Each structure stands twice: as C-alpha cells, then as structure tokens.
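Below is one structure; the comments refer to it alone.
Model, not experiment: these values are computed from the prediction.
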Amino acid sequence: MTASHDVAYPAVRRMSFGFGVAGTDKYFADGNMVFSHLIAILSAIFPPGEEIFVRSVGRYKDQIADPDLRKRVAGFIGQEKTHGRGHRELNEQLTAMGYPTAWFEYLLESTERMEKFLDKQYPSPDRLPRLRHFFLGFTVAAEHFTAVWAENILKSPEIQAMMYDPEIRNLLNWHALEELEHKSVAFDVYRAVGVPESTRIRWMRFAQNCGIPILVLFAWLSIATTDREGRRRPLRILRETVQMLRTPMWTGFYSAMGPFKKAGFHPSQIDTTELEAAWRHKLFGEQGQLVGHLR
C-alpha cells in the first residue's frame, strides 16, 4: 500500500477560535464530570503529543524517495502543528475553568525534552535506530487511535449534541476531520523506511488494551486533585464513568482497533472518504460553519 490510496494532500488550515470562560458550563461534555475531565486531559496532552508525532515522522523526511509521500508528510506536519496551537488556546480556557491542563501538558513534555536531548546528541537518523523506530511505532498506533476517535465523533449526532460549548465542538470537529485526512501518512512513512510490522503491532496491542483505561485513570486523577464536587461524590464519578464509556465515542473502540494488528493492514482499508467529504463541506464549504474561523 502506498500514497496512491490518498485522494489529496492534507490541507493546512490556520484557525482562530474565540474561547472565553464567560457562559461556559464547568462540565461542558453533556454535563458529565468524568467526560468533561477526560476531554480536558486529551486537550492538554495534544500539544506536546502532536510535537512528538511531528518529530517522529519528520526525522525520516529526507529518506523518503516518493515525492507524493514527501508532500503528504509536509501536510501532516502542518496540520499537527496547527492542532497543537488550537488546543493551547482551548487549554487556557480550561485552566481558567479549574482543569489541571498545565500539569498534564508538562507531564508529557518530559518525553519531548528527552527526545530533543537525544536528537542533539545523535542527530543522524541512523543512530539509535531502535529508539527512533520506537517513537515512530508509537506515532503510527496513536494516529490510528485518534482516527477511530475522530470517526466516532463525526459520525455521531449524539456526540455532537453532548458538546455544550459550541467553540469546543468546533475545535473538536476541525481536529477530527484533519485526523482522518492524514490518518495514513505516518503509516506510509513507517513502511517506507522499513520498520518491521511487529513493532507497530506491539504498540497497537498496548493502545487497544491500555489506551482507554489510562485516560479514565487520568480523568479520575484530574477530579481527585482539582474538583471538590467530584471528591465529595465518588458514586457520581463511578456512574458517570459508566455512562461515558457507553457513549458512541467509545463503544466499539476496542473492536475498531482489531484490524490494525493484522499483517498487511493499511488505514485506507477503513474507508472514510464520504465522511470526510461531507464534513469538509459542512465546515469549510461556501457557507461552512468554520469559514469565519480561518485566518
């Protein structure tokens, strides 16, 4: 499978969102405390996480012979960098609302600091190849995780209705669309540089089995450290955790990861072209919902 599976190069859209604390419900995700904390955590880890993805793929751009794949890598990097900027805007609002976004962002930035140190000490991509393959394998698995998440968000009217704050919903829809647009780029780089499939399959097993439990534990930690209402009502936390996991964002998540672990899998085998086209028109068509957000 090669770049020919992609109809177009990922488009880099520079966005500006009007976040502000006025009128925003504390529990902006369906009034659900756990769900709201989980979305806040995802937003907190996206900026440093996107930088990890950019570095993991960007290290190999000079080794890619296919000019189409090189252009797709450029689009991937542009989209991921704009996602980080968009979520940093949101994180300022979430911090003002009492969410510990800065703490979770700092936690993930420790990985970034380690990577930058290693890149400085060993600038050649031929040095420390196993470690660099480790980060690229992580990126490929995480990109599939977010692609499944994005598809669930865009397919579900129920999830759309759960996002009470319209600007948070706008950010998530834009981010979800672009995750689908570039979902195969890191995967194709991974194959182009010859990393064994066994590495990505091991990462996918970890993401499939541990991804959601880790996010739930982080949400509980966020509540325990910053949310007085949550600390007083542990039964509410348990009830709303179950409710959240039954929403269309997460139901079927485990099974959707399954195909990725098969030898010969390619992200294009999960066809989202019609969904992407519909949302591109809805968000960025002539009367698109986010046309006014474009810089």
Side-chain angles (χ1 to χ4, degrees), residues 14-21 24 26-29 32-58 76-120 134-136 138-139 141-143 145-147 149-150 153 163 165 167-176 178-179 182 186 203 206-207 210-228 230 244 249:
R14 304 191 185 282
M15 308 293 291
S16 179
F17 294 95
F19 294 116
V21 297
T24 301
K26 166 76 172 182
Y27 305 127
F28 56 86
N32 184 306
M33 179 190 302
V34 180
F35 201 0
S36 300
H37 275 269
L38 187 142
I39 295 296
I41 288 165
L42 283 172
S43 187
I45 65 179
F46 273 137
E50 306 285 19
E51 289 298 323
I52 291 173
F53 301 162
V54 166
R55 289 192 302 276
S56 297
V57 172
F76 169 87
I77 290 173
Q79 285 190 338
E80 295 290 55
K81 284 182 174 293
T82 58
H83 296 168
R85 286 193 288 269
H87 280 279
R88 282 193 170 95
E89 290 182 38
L90 172 57
N91 292 343
E92 292 180 5
Q93 171 174 315
L94 293 173
T95 297
M97 293 166 63
Y99 290 97
T101 50
W103 188 87
F104 281 100
E105 187 171 346
Y106 178 81
L107 183 67
L108 197 57
E109 282 176 347
S110 61
T111 303
E112 178 182 351
R113 289 189 289 272
M114 179 188 70
E115 278 192 87
K116 287 183 175 179
F117 172 79
L118 292 173
D119 284 339
K120 184 177 180 180
F134 174 88
F135 282 112
L136 184 58
F138 165 77
T139 295
E143 282 293 301
F145 187 97
T146 52
W149 163 81
I153 285 177
M163 293 297 112
D165 185 285
E167 206 68 332
I168 294 177
R169 182 172 62 246
N170 286 337
L171 172 65
L172 292 178
N173 286 339
W174 160 68
H175 190 167
E178 294 194 352
E179 287 298 324
H182 69 231
W203 264 118
F206 174 81
C210 302
I212 294 177
I214 287 173
L215 288 174
V216 170
L217 286 174
F218 277 178
W220 288 352
L221 177 62
S222 177
I223 293 169
T225 55
T226 64
D227 199 314
R228 185 178 302 174
M244 178 192 70
M249 183 177 285

Find the distance between [atom1] ([X]) and [atom2] ([Y]) and round it off to the nearest 0.5 Å.
X: Glu179; Y: Thr146; atom1: CD; atom2: OG1; result: 4.0 Å
X: Phe135; Y: Ile52; atom1: CZ; atom2: CD1; result: 7.0 Å
X: Leu94; Y: His37; atom1: CG; atom2: NE2; result: 10.0 Å
X: Leu38; Y: Ile212; atom1: CG; atom2: CD1; result: 9.0 Å

Flag side-chain contact, heavy atom, 4.5 Å: [X] against [Y]:
X: Asp227; Y: Tyr27; answer: yes
X: Met15; Y: Glu89; answer: no
X: Glu105; Y: Ile45; answer: no
X: Trp220; Y: Leu215; answer: no
X: Thr101; Y: Ser43; answer: no
X: Met163; Y: Ile153; answer: no
X: Phe53; Y: Leu136; answer: no

Does the side chain to side chain contact (heavy atoms under 4.5 Å, CB included) test come out yes or no for Gln93 and Glu167, once each step is laid out? CA-CA 11 Å; Gln93 171 174 315; Glu167 206 68 332; over 6 Å; no

Given side chain to side chain contact (heavy atoms under 4.5 Å, CB included), test Phe134 with Thr139 step by step and report yes or no. CA-CA 9 Å; Phe134 174 88; Thr139 295; over 6 Å; no

Please report the shortest heavy-atom distance between [X] and [Y], naming the atom on each side.
X: Ala207; Y: Phe145; answer: O-CE1, 4.0 Å
X: Ala29; Y: Ser36; answer: N-OG, 3.0 Å
X: Met33; Y: Gly230; answer: SD-CA, 3.4 Å
X: Ser222; Y: Phe104; answer: CB-CE1, 4.0 Å
X: Ala186; Y: Glu143; answer: CB-CG, 4.2 Å

For a side-chain contact (heavy atoms from CB on, under 4.5 Å) with Arg169, tell me which candidate from Leu171, Asn173, Asp165 qualifies. Asn173

Glu80, Gln79, Arg55 screened by side-chain contact (heavy atoms from CB on, under 4.5 Å) with Glu50, the one that passes: Glu80

When you look at Asn170 and Phe17, which way does the side chain to side chain contact (heavy atoms under 4.5 Å, CB included) test go after all the steps? CA-CA 8 Å; Asn170 286 337; Phe17 294 95; 4.0 Å; yes

Flag this pair as yes if the NZ/CZ of Lys26 is under 6.0 angstrom from the six-membered ring centre of Tyr99 and inside a 45 degree cone about the axis; otherwise no. yes

Between [X] and [Y], is the ring centroid distance below 6.0 Å?
X: His175; Y: Phe46; value: yes
X: His83; Y: Trp174; value: yes
X: Tyr106; Y: Trp103; value: no

